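Please read all numbers here as calculations on a predicted model, not as lab measurements.
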2 protein chains.
Amino acid sequence: MSLKKEHLKSSNIDWNQFMPGISIDCVIFGYHDKELKVLVLEYKKTGLFALPGGFIKKDETLDDAAKRVLKERTGLSNIYLNQFHTFGSLKRSDHTPMKTVLENNEASFDETHFLLQRFISVSYFALVDFKKVEPVADSLSDTCQWIDINELPSLILDHNDIYQKAHDHLKKSINSEAVGLNLLSKTFTMAELQGLHESILGKELNRTSFHRKIMLSGHLKRIGKKKTGKAHRSPYLYKFIQQ
Amino acid sequence: MSLKKEHLKSSNIDWNQFMPGISIDCVIFGYHDKELKVLVLEYKKTGLFALPGGFIKKDETLDDAAKRVLKERTGLSNIYLNQFHTFGSLKRSDHTPMKTVLENNEASFDETHFLLQRFISVSYFALVDFKKVEPVADSLSDTCQWIDINELPSLILDHNDIYQKAHDHLKKSINSEAVGLNLLSKTFTMAELQGLHESILGKELNRTSFHRKIMLSGHLKRIGKKKTGKAHRSPYLYKFIQQ
DNA sequence: CTATAATTGTTACATAGTGTAACAATAAGT
DNA sequence: ACTTATTGTTACACTATGTAACAATTATAG
């Protein structure tokens, strides 16, 4: 085993640097191929899936902890983050999935292992540019990959509830310019922006009223035309006006 | 000191029953005399003010902990509660106010006292019927009283930020029937409902468009007239339709 | 008993926002 | 030159909301 992989082993983590009982979970949204996607971890050799998460250092703010987790899984800084809910049901006290994970990762562990306590989860959703992200698995996981929101597997504990509430909040904030600004590339066509909105809302939108509403919002600027190579009028390219 | 008061002493609390590092704070809104008010605690002999709060038992959900805190301070069950944000800035690690409080309450204490750790605060706002509430101080406080939102004193730690964010959320949810249903009595006039909305939004509203909008929402039912004793047409009384 | 003042309920009109359809403009293939 | 597909624009209808006008109601003053 290489030094680098050794460094990644969970048994080398100093759990004492973190606040006990509180975790952070992140629903990281990306948009690609006309589909809304979420980053999901698969734990090693267990077939268990989970949202990316982490813990809060004793001298770190909640938001900084979330930024650190996001940076670790995506490689990105300056991510759009929104703290939307804190989960504290007793469902979260079921330690069987984490025991399964530890059995497949640690030489030995006991009931007092840091990961086997009850955690209250402060949850954030993030909006990222799919093309800029290099998903990185954490020390307990094989993979960190984009999953289409319509093909999400069953996740551990209450992570499906967390995803659902994140998606509900994203729907409510659909009219914030943050949605298009952070999920699309710098320039895009009106059809691409409409496709994004349709993926988030899960329903089709009227083309002309969407166009008018977006343009009247005043956040967009036309910056030229895009040759599509297709046999029809070429669409304008737009970008968000940064104030 | 009576047995009853002895029971209320903070030194008799078994702090070990609670999760460490996590607290609950509540912004409890009431409406009276055409003014929006919030319940505020004053710590004994210190001149320090704070929002009502509490901690989470190790086998209790977050929402149940919030309900318990609300019940303790207001005597009410079945309160409208909304978890709106979790606060985790480093501002919360300043232990000077709590030390001042303990110096005036405990015979002795040391740096490891449960109340002298960093707490992440899961915050709720509550809407209650002013007339049904009997405010009760907690073991560290002299008083728990209604303060007009325009006369709020400086509160400890980040409690003013917590109040502000609660108020922002309340403004956003102004069109939810929960606002009138929980802050007013069972029956009320249109002018009373409009006064409540104006207090929450901090601005005057147009009378006729407000009237029309509320009636078109379909949540209200007329149930008779109210004699005001004043020299003008008497207003209808309304109540919310419970589905 | 009548006039006055104050507030409430209703209606009319103007404006803004949105759903819908029609139509012109454009780009590439036949 | 004709066809097809998509985009941008405009026209019309309908709804929601801001504003003003007016009628209805209740108590008080004279």
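Counting atom types as modelled, A/Arg233 pairs a side-chain N or O with a base atom of D/dT7 as donor and acceptor under 3.5 Å.
Closest-nucleotide positions on DNA chain C for A/Ser234 and A/Leu216 were compared, and the one nearer the 5' end corresponds to A/Leu216. Map A/His232 and B/Lys213 each onto its nearest nucleotide of DNA chain D; the residue landing nearer the 5' end is A/His232.
Counted by atom type alone, A/Asp129 and A/Tyr31 present zero donor-acceptor pairs between their side chains at under 3.5 Å. In this structure, a donor-acceptor pair under 3.5 Å is absent between the side chains of B/Tyr163 and B/His159.
B/Arg212 has its CZ atom 10 Å from the P atom of D/dA16, to the nearest Å. In this structure, CZ of B/Arg207 is placed 12 Å from C1' of D/dA24, rounded to the nearest angstrom. In this structure, A/Glu192 atom CD and D/dT6 atom C1' are separated by 14 Å, rounded to whole Å. One interatomic measurement links the two molecules: CZ of A/Phe210 to C1' of D/dT7, which rounds to 14 Å at whole-angstrom precision. Computed from coordinates, the A/Lys225 NZ to D/dT7 C1' distance equals 8 Å when rounded to whole Å.
Between B/Phe210 and B/His197, the angle of the ring planes goes over 60°, which puts this pair in the perpendicular group of the 30/60° scheme.
Here the side chain of A/Ala231 is nearest to one of D/dG18, D/dT4, D/dA11, namely D/dT4.
Within 4.0 Å of B/Thr189, counting heavy atoms only, lies no atom of the nucleic acid at all.
A cation-pi contact, defined as under 6.0 Å to the ring centre and within 45° of the axis, is absent between A/Arg222 and A/Tyr238.
Between A/Lys203 and A/Glu198, none of the side-chain N atoms (NZ, or NE/NH1/NH2) sits under 4.0 Å from a carboxylate O, so this pair counts as no salt bridge. With respect to the salt-bridge test (charged N to carboxylate O, under 4.0 angstrom), the residues A/Lys57 and A/Asp64 do not qualify.
From the 5' end on, the contacts that DNA chain C makes with chain B at under 4.0 Å to a non-hydrogen atom open and close at C/dA5 to C/dA12.
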